[in-house]
There are 2 protein chains.
Amino acid sequence: MGTTQLDTVPEPKYWHLKTVLAEALDSEFAVGEILPNERDLAARFGVARATLRQALEQLELEGRLQRRRGVGTTVAPPRVGVDVSASPYDWPGVAADSWQPTECTRAVPPAAVARHLESEPAEETHVVRRVRMGHGQSVAAELLYVPAASVPDLSGIDAPSGPALARSVLRELARLELEGQDRAVELGSAGAVDAKELDRLPGAPVLVVTTRYFSGGRTAAVSVATYRADTCRLTFGAHGDLEISHDDDRRRAS
Amino acid sequence: MGTTQLDTVPEPKYWHLKTVLAEALDSEFAVGEILPNERDLAARFGVARATLRQALEQLELEGRLQRRRGVGTTVAPPRVGVDVSASPYDWPGVAADSWQPTECTRAVPPAAVARHLESEPAEETHVVRRVRMGHGQSVAAELLYVPAASVPDLSGIDAPSGPALARSVLRELARLELEGQDRAVELGSAGAVDAKELDRLPGAPVLVVTTRYFSGGRTAAVSVATYRADTCRLTFGAHGDLEISHDDDRRRAS
DNA sequence: CAGTGGTCTAGACCACCGT
DNA sequence: CGGTGGTCTAGACCACTGT
């Protein structure tokens, strides 16, 4: 029979608002255009600001709006397709990918990561910080955990803490034979540091990509990369509007 | 020089709250245990309920809490690893996967999908609805768009609208030679129907997995699967806490 | 039915950005 | 500085769940 019942439930205001705004976005606004401020919008729709904000939050989550404190709310461009497929036999940092190492420290990895680095209990590892650029902005922030055992020839050198050391670690890592890798994607919220790196507020929604690199029967490194969930679409394979489509303008009505 | 400045900015209350609660969750609560209700919690922490809720929302987004209207807030089990890697040369519905077809209608696909079905402009396609089960609950809801051209032998049959027809479409589809597929993952929010299917409220965060199936140089089908972002971790490859860990029955409060 | 989370309001103040 | 979005409050009522 199915639910022929037409759900007489009254739609929440913010949900209806979101729908109305989404339609308006499609038909009456161009990418990059700024919307009226929240107080005006709320007044125009006859709702409290909090309610209006609930609708805006949803639209931002869906990547249709972009809000910046002190500036305003703008219509976001379509999500950027970011390739995350990487051939399963390439180490990170090979050749010229879009990642840019920014720092390298030593620290004991969080429990969730340590669990993947089977052999080691609670030991310090190298931690390489990298940022992924795309379309003129930083798109992802990564922490790459590399146990000292994976880069034995680095024990002597500790001085050049920073990008230089980061590159050294990546170089040494690439000398191992990579046997395979593993990926998982989940939703998270940006911590304070990632948020700053991604130019978002703390708590912003991110897609967390955890990658394990296998070598010598062990997990030789673990990467935790956080992608801006509002602006990114992770692609596996040649999917999507590959890289940069210089021209995409849809949405133009009137 | 880097920001040695210790950021004297006062942390937002809800952010601090979230941290405190997260720690309490780790140390003082078992999976499945129910928390005090929001009004009590807010009073205990000396904040307004809205503020307390902001913290809870974040924790729910991160998959650490589960809130159900009329019931209460419980400590969520660790996220379920759901394999999404599928060998690139398998059609959906082959053998016994965890998908269960529930319906099959005909409709014109949304613009975003139609764009992937290059050849066709705004034509009707078969739309197969499937639900993916896992760990005793529905974990994902899918819409599979199959242009009539991809399943030519089905033109005569229209009667058995429902699971039977759905299975027919999948069977016919599997007769084509699959040349490859494509995946993209992005954040979205559940629509009214998906929400009901996933037992969540509308607007709940979901991971949207879009898959294109290629055959005969064309896109023979497009699948849009929405996974519960709060409870799922999408895995590519053998990653993660593989399948089912048989022992997980906590949740039993007298 | 009582108790829970979900929605909504009308304010207030704060942090940030551009000028 | 004025204007923006971000945080917070103290209420109110609604929708849902269990018993």
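Lettering follows sequence order; numbering is per chain, from 1. Just so we're clear, the structure is a prediction, and the values are computed from it rather than from any experiment.
Rounding to whole angstrom units, CZ of residue A:Phe45 and P of C:dC8 are separated by 14 Å. Atom P of nucleotide D:dT9 and atom CD of B:Gln54 are separated by 10 Å, given to the nearest angstrom. If you measure from atom NE2 of A:His16 to atom P of D:dC14, you get 20 Å, rounded to the nearest angstrom. If you take CG of A:Leu56 and C1' of D:dG6, they are 13 Å apart, rounded to a whole angstrom. Rounded to a whole Å, the CZ atom of A:Arg53 is 9 Å from the P atom of D:dG5. The distance from atom CZ of B:Arg39 to atom C1' of D:dG11 is 11 Å, rounded to the nearest whole Å. For the pair A:Gln66 CD and D:dG6 P, the interatomic distance rounds to 11 Å; values are reported in whole Å. Taking atom CG of B:Leu65 as the reference point, atom P of C:dG6 lies 11 Å away to the nearest angstrom.
Judged by distance alone, the side chain of A:Glu28 and the main-chain N or O of A:Leu25 form no donor-acceptor pair under 3.5 Å. Side-chain N or O atoms of B:Thr235 include one that pairs as donor or acceptor with a backbone N or O of B:Val82 at under 3.5 Å. Using modelled atom types, one side-chain atom of B:Arg183 and one backbone atom of B:Val84 make a donor-acceptor pair closer than 3.5 Å. Under the 3.5 Å distance criterion, the side-chain polar atoms of A:Glu33 are matched with a main-chain donor or acceptor of A:Ala30.
Taking side-chain N and O atoms only, B:Asn37 has a distance below 4.0 Å to OP1 or OP2 of C:dT4. Considering only side-chain N and O atoms, B:Arg67 lies nowhere under 4.0 angstrom from the phosphate OP1 or OP2 of C:dT4. Residue A:Thr73 has no polar side-chain atom (N or O) positioned under 4.0 Å from OP1 or OP2 of D:dT4.
Out of C:dA10, C:dG6, D:dA10, the shortest distance to the side chain of A:Ala48 is found at C:dA10. Of all nucleotides listed (D:dT17, C:dG6, C:dC8), C:dG6 comes nearest to the side chain of B:Arg49. Distances were taken from every side-chain heavy atom of A:Arg69 (C-beta onward) to each of C:dG5, D:dG5, C:dC17; the shortest belongs to D:dG5. Distances were taken from every side-chain heavy atom of A:Ala50 (C-beta onward) to each of D:dC16, C:dT9, D:dC8; the shortest belongs to C:dT9. In the set D:dT4, C:dC8, D:dC8, C:dC8 carries the atom at the smallest distance from any side-chain atom of A:Thr51.
Between A:Phe236 and B:Phe236, the two ring planes are parallel [angle under 30°; tilted spans 30° to 60°].
Among the protein residues, A:Leu201 comes within range of the sugar-phosphate backbone only, with heavy atoms under 4.0 Å from sugar or phosphate atoms but none that close to a base.
If you find the closest nucleotide of DNA chain D to B:Trp15 and to A:Pro36, the one lying nearer the 5' end belongs to A:Pro36. The residue among B:Leu35 and A:Val47 whose nearest nucleotide of DNA chain C is located toward the 5' end is B:Leu35.
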